[in-house]
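Only one structure is covered here, and it is reproduced in the block below.
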Amino acid sequence: MATDSTFHHGDTKTAAPIIEMRDIEKHFGNVIALSGVSFDVRPGECHCLLGDNGAGKSTFIKTMSGVFKPTRGSITFDGKPLSFASPRDAMEAGIATVFQDLAMIPLMSVARNFFMGREPTKGWGPTKRFDVEKANAITMSEMKKMGINLRGPDQAVGTLSGGERQTVAIARAVYFGAKVLILDEPTSALGVRQTSNVLATIDRVRAQGVGVVFISHNVRHAMAVGDRFTVLNRGKTLGTAVRGNITSEQLQDLMAGGQELAQLESTLGGTV
Amino acid sequence: MMPTDAGSAAVDERLKAEPLMARLMKRPELGAIAGLVLVTAFFLITANPAMFTLSGILNFMAPAAQLGILAIAAALLMIGGEFDLSIGSMVAFAGMIFGACVVNLDLPLILAVPVTLVLAALIGAVNGIIVLRTGLPSFIVTLAGLFILRGLSLVGLKWLTDGSTQLRGVREAAEGDWLAPIFSGDAFTGLFGWLASLGWIETFDNGTAKVPGVPVEILWFLGLAALATWVLLRTPAGNWIFASGGDRNAAANSGVPVRNVKIALFMLTAAAAALLAVMQVLDAGSTDARRGFQKEFEAIIAAVIGGCLLTGGYGSAIGAFFGSIIFGMVVIGLTYTGFDQDWFQVFLGGMLLLAVIFNNAIRKRVTGER
Ligand SMILES: Nc1ncnc2c1ncn2[C@@H]1O[C@H](COP(=O)(O)OP(=O)(O)OP(=O)(O)O)[C@@H](O)[C@H]1O
Ligand SMILES: [Mg+2]
């Protein structure tokens, strides 16, 4: 299993944020999913977003990746105010996301899913076409890097296992995430080897200067790669901690809202 | 240490060699090809051999082509996850517009054809926008279109002709227009005449060919099938169509412009209906409010026989191509047999049912549904 020592961590204080979200609110009808969340990502850091089920993590990163328009609040990208009209806009700006539901199409092949919306082309004018060979080759090699041997690039995603599917989504986002890589619970279905692979991948892209947003329920995974930790609770930020200033236990407590967990822990004999 | 299978294993030991049959089973058009073989075998046994002479083949290919122009567009739309039930009525409506342009406004074809196609495409876009805005199933939105356009065609034609539902005089008005041979009549007449003079194809007693040429709709049909297949399988747009129909949210979140894709597909089906209307009206020399009656169902049936899933995201243009040929063969083929022609409906319903059951099984294989 990956431990702290295998990763070097980014220096988070120096660089200006790539993307800065300030006081983001998101309402769905009368449901207030987010009520003022501020968050930023700097190049070369892994910023972990933690919180209980329903805390608003997925909703928040969706405002970052252009899926939702925030009801209120401002987004600054590369120093300029910005509002993404669509996920396509955010992608073109260099933000790639692994959504919690993966955004994969079961009936389509792995390669077609991998390049969905960003197909490589060859030729020009009326002969400009989808470069299937290139798409297949890249898909196979990127999947191999993640430690998954595909049967073939034309295998339908629907026939993959849950973890394999998740790995395709991660490999896709890593491949396209030029500036910001957002991972919404990317390791929830992964085995031990694939999980450490994903954590190592986060470390690798961080070293290349990409800002990583990592959502996880697993404090150990977060502690292994995170440089900063922001905890959400019921649509609000409980605060941001820098690596070294917080312990796993403190983080665990914050995520679960403190006492309840301490109580649970005693009844379960400290296994949580 | 775990076995390092990641880089080294060239052959996956967990993969059985996939038999050819199983690989073929995954092709969406397989069902249509199998159906075509069956139907051909049936008519080879039961029908008068005249059905499979050159003139017999063109005889059933012409209606197959007319349906196919609609079915290929309908297949793309179905793969994109939507239906258009208004295309049959659109044939009548576009026919009326085209007739009015040519007869009442005296426009040359170079203007009348684009006006008809663009107007139809705009109506298609309206269909698409309503579907996307309201989030209602396209089935119900375009069902309304089916009645509205049919009604408008009736009312409009009566208004244009002072009470008739038929507008005549298109042939006279379009006579000699240089564009007309693109949309009506036969192609390769010179070639066929030459072949006849060599005695290579059947001739009448006076030496002229029994088949004067290939009806142009067959060429359009072949061209559209090839183009649609190329777009689907070899262009980014094709990938977007599959993605939009497979899972709208996933596609949009992955950066596919789902709305534009769907609206473009609605425009395409409407324009295909208008193209068919232009051809039919030029061929018949008149337009009629009953044109295209129930063609929407026939087109969808041909697309389904061709392997399109009703739920979208899966299918092929080649399948719709074969589905249309099956259709033409059955409709026309029965006249070459001793059977009552009205069996055709029974036949069709049976084919549809078989196709749907077959496609469902295929989908489970492809997605590995567990
Ligand atoms: N489209 C929507 N319409 C209405 N309410 C929504 C919508 N999306 C999310 N919500 C609500 O917003 C809240 C936050 O949801 P969100 O999915 O962001 O939680 P989460 O932190 O990602 O939880 P989990 O850890 O379970 O993934 C939930 O109460 C949810 O019911
Ligand atoms: Mg979530």
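Numbers restart at 1 for each chain; the letters A, B, ... are given by sequence-line order, proteins then strands.
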Residue B/Asn253 versus chain A: region with a heavy atom under 4.5 Å = both

Region of A/Lys145 that comes under 4.5 Å of a non-hydrogen atom in chain B | neither

Measure B/Ala251 against the heavy atoms of chain A and call it side chain, backbone, both or neither at under 4.5 Å.
-> both

Chain A interface, residue from B/Ala243, B/Ser254, B/Ala252, B/Gly238 that has the most non-hydrogen pairs under 4.5 Å | B/Ser254

Okay, A/Thr121 and chain B: the region with an atom under 4.5 Å from a heavy atom over there is side chain

Please check if the side chain of A/Thr127 supplies one atom and the backbone of A/Gly123 the other of a donor-acceptor pair under 3.5 Å.
-> no

Test item: side-chain donor near acceptor, B/Glu82 and B/Ser138, under 3.5 Å | yes

Within 45° of the axis and under 6.0 Å from the centre of the six-membered ring of A/Phe28, does NZ or CZ of A/Lys26 qualify?
-> yes

With a 4.5 Å cut-off on heavy-atom pairs, point out which of B/Thr235, B/Val256, B/Asn239, B/Val231 contacts chain A the most.
-> B/Asn239

What's the verdict on side chain to side chain donor-acceptor pair (under 3.5 Å) for A/Ser188 and A/Gln166, showing C-alpha distance, side-chain angles and the deciding distance?
-> CA-CA 9 Å; A/Ser188 60; A/Gln166 207 161 33; 3.0 Å; yes

Parallel, tilted or perpendicular: which describes the rings of A/Phe176 and A/Phe114, with under 30° parallel and over 60° perpendicular?
-> tilted

Measure the acute angle between the ring planes of A/Phe115 and A/Tyr175, then classify it against the limits of 30° and 60° as parallel, tilted or perpendicular.
-> perpendicular

Under 4.5 Å from a heavy atom of chain A, the part of B/Leu233 involved | both

Between A/Arg129, A/Glu92, A/Met104, A/Met108, which shows the greatest number of heavy-atom pairs under 4.5 Å with chain B?
-> A/Met108

